[in-house]
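The shown structure was predicted, so the numbers you read here are calculated from the model rather than taken from an experiment.
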Amino acid sequence: MLSKTSVRLFTAALMLTMVGCGPSHRLGEYNFRQASVAAVCEVPPFPDVLTGPLVIDLPDNPVGAVLEAGSRAAREISARRVEEKLDSATARVDLALLIEDESLRRASRALGAEPGPERESDFLLEIWVHEYGIQATDWDATANFFIDADATLLDSYDGREVWRAGVRAQDPVGPEVFGPGAVRDVVTAAAIADLSVEEMARALEQLAEFTAYQITEQLRYDLAETRRSR
């Protein structure tokens with residue numbers, strides 16, 4: 001058991017630790033109400049399609065082995081077709097611009113700032129997307145959008161970092177990619193394989209909106225925490 005002296009020392013050390021654990025950003029040091037903000041985004045040239053393990057353990061039954069091998073080959077061909085169609089859809093959608101526009105709209109509203117051009121704004125929201133795309137744990141599992149990105153809010157005058165966040169998130173692909181009137185509750189990896197290039201382009205637009213939402217919600221949360229602590 002701890003002595004009374006040890007308890008007092010432990011309590012003092014804990015209080016110092018808590019005092020030192022302030023926010024890792026500087027949002028509370030700035031007034032954004034009469035400022036302007038811009039956004040820029042960099043994304044990889046192509047999204048990833050991750051459909052989970054396509055290699056299936058073959059059964060001992062020779063007939064079953066042939067059926068399983070055929071199923072595996074069909075899935076591998078479908079996965080390649082998904083990549084080809086997704087590449088074509090990517091050529092039709094300026095994903096970086098969509099993320100920039102939506103992030104700027106949401107971030108400026110959260111900050112209370114005015115959106116502006118990059119070279120003239122007081123603050124710059126830089127978004128670096130490391131990896132993004134569509135994934136599923138298995139061919140018949142729910143397909144999800146996923147995003148791995150970093151966002152930084154900079155003071156344009158001196159380059160000082162005001163806020164930074166890493167975004168690692170995923171969200172189920174919505175049935176609206178199949179167009180109005182579609183009756184579908186769950187979009188699977190197999191269903192993604194059946195999408196047209198136009199539908200995949202629509203899915204990428206949803207991915208851009210999802211990305212901007214995740215980034216700006218973190219900014220909104222940190223702003224709210226800052227304002228509550230004042």
Side-chain angles (χ1 to χ4, degrees), residues 41 43-59 64 67-103 105-106 127-151 165-221:
C41 178
V43 300
F46 298 105
D48 291 321
V49 182
L50 307 177
T51 53
L54 294 176
V55 179
I56 306 169
D57 292 332
L58 300 182
L67 293 176
E68 290 288 359
S71 175
R72 179 178 59 190
R75 293 185 183 193
E76 290 173 347
I77 291 171
S78 294
R80 285 196 295 271
R81 287 176 179 169
V82 171
E83 292 181 351
E84 292 170 359
K85 287 192 288 186
L86 194 54
D87 288 347
S88 298
T90 302
R92 301 187 182 193
V93 177
D94 192 336
L95 196 70
L97 182 60
L98 291 175
I99 294 173
E100 282 179 15
D101 288 347
E102 183 64 13
S103 296
R105 184 185 71 82
R106 295 178 59 87
I127 301 166
W128 297 90
V129 177
H130 306 298
E131 190 178 23
Y132 70 102
I134 300 171
Q135 68 180 1
T137 56
D138 201 352
W139 202 248
D140 298 320
T142 301
N144 293 283
F145 292 131
F146 73 93
I147 184 72
D148 180 352
D150 288 310
V167 178
R168 316 287 183 266
Q170 66 178 26
D171 195 53
V173 177
E176 57 269 22
V177 299
F178 293 93
V183 180
R184 190 182 291 267
D185 296 327
V186 177
V187 179
T188 64
I192 291 292
D194 293 332
L195 293 180
S196 66
V197 173
E198 291 75 16
E199 289 170 330
M200 285 197 175
R202 189 157 60 240
L204 286 176
E205 292 171 355
Q206 292 182 40
L207 177 60
E209 183 176 345
F210 166 69
T211 301
Y213 172 83
Q214 293 294 335
I215 290 170
T216 53
E217 279 302 291
Q218 184 62 51
L219 174 61
R220 188 185 299 275
Y221 174 84

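Side chains of L95 and T90 form no contact here, defined as non-hydrogen atoms less than 4.5 Å apart. Considering only heavy atoms from C-beta on, T188 stays 4.5 Å or farther from T142 through its side chain. Looking only at side-chain heavy atoms (C-beta outward), I134 and F146 stay at 4.5 Å or farther from each other. For the pair F145/V173, a side-chain contact is recorded, criterion being any heavy-atom separation below 4.5 Å from C-beta on.
Partners of E100 according to the salt bridge (Lys or Arg N to Asp or Glu O under 4.0 Å) rule, which considers only residues two or more places apart in sequence or in another chain, do not exist here. The side chain to side chain contact (heavy atoms under 4.5 Å, CB included) test applied to Y213 returns R106, E217, not counting sequence neighbours. Residues satisfying the side chain to side chain contact (heavy atoms under 4.5 Å, CB included) criterion with D148, sequence neighbours excluded, are H130, E131, R168. Checked against side chain to side chain contact (heavy atoms under 4.5 Å, CB included), S196 has the following partners two or more places apart in sequence or in another chain: E198, E199. Under the side chain to side chain contact (heavy atoms under 4.5 Å, CB included) criterion, D94 pairs with A96, L97, sequence neighbours left out. For Q218, the side-chain hydrogen bond (donor to acceptor under 3.5 Å, both in side chains) criterion is met by D222, not counting sequence neighbours.
In terms of modelled atom types and a separation under 3.5 Å, the side chain of T216 and the main chain of L219 share no donor-acceptor contact.
Taking the charged nitrogens against the carboxylate oxygens, E102 and R105 do have a contact shorter than 4.0 Å, which makes a salt bridge.
To the nearest 0.5 Å, the span separating CD on E209 from CG on D171 amounts to 10.5 Å. Separation of atoms CZ (R92) and CD (E205) is listed at 11.0 Å; rounding is to 0.5 Å. Atom-to-atom distance recorded for L207:CG and I99:CD1 is 6.5 Å, nearest 0.5 angstrom.
Nearest heavy-atom pair across D150 and G166 is OD1-CA, 3.3 Å. Across A201 and A89, no two heavy atoms sit closer than the pair N-CB, 3.6 Å. Taking both residues in full, the closest heavy atoms of A212 and S103 are given as CB-OG, 3.3 Å, listed atom of the first, atom of the second, then distance. Nearest heavy-atom pair across V43 and C41 is CG1-SG, 3.7 Å. Nearest heavy atom pair, residue A149 against residue V129, reads CB-CA, 3.9 Å.
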